[in-house]
Q: 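Below you'll find the structure I mean.
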2 protein chains.
Amino acid sequence: MSINYSISDLAAEFNVTTRTIRFYEEKGLLNPAREGNRRIYRPADRTRLRLILRGKRLGFSLDESAEIVLMYGSPGNNRRQLERLISRIREKRIGLQQQQEDLTVMLEDLQDAEKKCLAAFGELGQKRPAETGN
Amino acid sequence: MSINYSISDLAAEFNVTTRTIRFYEEKGLLNPAREGNRRIYRPADRTRLRLILRGKRLGFSLDESAEIVLMYGSPGNNRRQLERLISRIREKRIGLQQQQEDLTVMLEDLQDAEKKCLAAFGELGQKRPAETGN
DNA sequence: AATATAGTTTACGTTAACGTAAACGTAAGT
DNA sequence: ACTTACGTTTACGTTAACGTAAACTATATT
């Protein structure tokens, strides 16, 4: 009831299992504090988890997500590191923009497919499902 | 040099291995004609492959992609099938719209991350990578 | 005829991302 | 003291999506 969360708090909130959260820790994606033996998650950990899951929804691997998570932290101070980081960021952006295109196209196609379906219903001449807002 | 393609034509064009293409066939996602023993791909097969790969880039499983591919074909004629199809399409759309949100947010975040990096460069006071158009 | 090039089937190997289960600890409620 | 709820570590199992290799066929080129 404070600023912190238990493992099952997070599991419930993000609809994943505790196993998943521990697995992410094994992979080094999370680093919760400990209170004795128990894991205790600070808001920052929660944010990291949200980023990881967002990455997943976008089709990134956990390693890729890890990289992204790192990008949000302090950029570090090594010049070489920074350069690598920037080019990775730009690569990611290219990929994401490709995804945006894919998405647009696919949404249009689905629109078409649905219209075809509704038309087919029309020929059956019966009560048909409601139209979609978009 | 006609309207058709060999397996390695497609492999080259879409930058996948022939193994991958045969694998998709095993899964029932492709059904090329045969000329003797050899697979021979018509334009329709090529389109299907493109759809599958687009699905992949969007993080769909092959089975999901298969479903999508089916949606583009003839909607069939069975009423029950049509209804199932329409609701699947709508579900997909929900998912894709969620992805669009995720994408937007992540692109903004990457923007921020890059700025941070560039700022860090500023403090190193050296030749820094060029700014990005967007 | 021999080599090269593209194709075929069959089958075992691999990696990522968890699931599932065993065996145990701890703190709260009855 | 017993049960219930929540947590822990360790370890083996599983599924998807191919990779890799073996053993073979067919066509074309040198």
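So that the names make sense, note that chain A is the first sequence line, chain B the second, and so on, each numbered from 1. Owing to the predicted nature of the structure, the values given are computational and were not obtained by experimental measurement.
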Q: Just wondering, are more than 12 heavy atoms of other shown residues or ligands nearer than 6.0 Å to CD in E91(B)?
A: yes
Q: Is there a path of hydrophobic side-chain contacts, each under 4.5 Å between heavy atoms of I/L/V/M/F/W/Y residues, joining L51(B) to F14(B)?
A: yes
Q: Would you tell me if any nitrogen or oxygen in the side chain of K56(A) comes within less than 4.0 Å of OP1 or OP2 on dA17(C)?
A: no
Q: Counting heavy atoms from C-beta on, name the nucleotide in dT8(D), dC18(C), dG7(C) closest to the side chain of R22(B).
A: dG7(C)
Q: Rounded to the nearest angstrom, tell me the gap between atom CG in L53(B) and atom C1' in dC18(D).
A: 13 Å
Q: Could you check which of dG19(D), dA17(C), dT9(C) has an atom nearest any side-chain atom of T20(B)?
A: dG19(D)
Q: Taking only the side-chain heavy atoms of F23(A) (C-beta and beyond), determine which of dC18(C), dT9(D), dT9(C) contains the nearest atom.
A: dC18(C)
Q: State yes or no: do I40(A) and I21(A) share one hydrophobic cluster built from I, L, V, M, F, W and Y residues joined by side-chain heavy-atom distances below 4.5 Å, directly or via other members?
A: no
Q: For dA6(C), does OP1 or OP2 lie under 4.0 Å from any side-chain N or O of S6(B)?
A: no
Q: Among Q99(A), R54(A), K56(A), R57(A), which residue meets the side-chain hydrogen bond (donor to acceptor under 3.5 Å, both in side chains) test with D102(B)?
A: R57(A)
Q: T17(A) near the nucleic acid: base, sugar-phosphate alone, or nothing, with a heavy-atom cut-off under 4.0 Å?
A: sugar-phosphate
Q: Nearest-Å distance, CZ (R39(A)) to C1' (dT26(C))?
A: 15 Å
Q: Can you tell me if R34(B) touches the phosphate of dG7(C), counting only side-chain N or O atoms and a distance under 4.0 Å to OP1 or OP2?
A: no
Q: What is the separation between atom CD on E35(B) and atom P on dA26(D), rounded to the nearest whole Å?
A: 14 Å
Q: Determine whether L29(A) and V69(A) make a side-chain contact, defined as any pair of heavy atoms from C-beta on separated by less than 4.5 Å.
A: no
Q: 5'-most contact on DNA chain D: R19(A) or R38(A), nearest heavy atom basis?
A: R38(A)
Q: Quickly work out the L10(A) CG to dG7(D) P distance and round it to whole Å.
A: 10 Å
Q: Hey, does the side chain of Y24(B) come within less than 4.0 Å of dC18(D)'s phosphate (OP1/OP2), counting only N and O?
A: yes
Q: Could you tell me the separation between the CG atom of D63(B) and the C1' atom of dA17(D), rounded to a whole number of Å?
A: 11 Å
Q: Could you check how far CG of L29(A) sits from P of dA16(C), rounded to whole Å?
A: 13 Å
Q: When you get a sec, tell me which of dT8(D), dT8(C), dA17(D) is the closest nucleotide to the side chain of I7(A)?
A: dT8(D)
Q: In whole angstrom, give the distance that lies between atom CG of N37(B) and atom P of dT10(C).
A: 10 Å
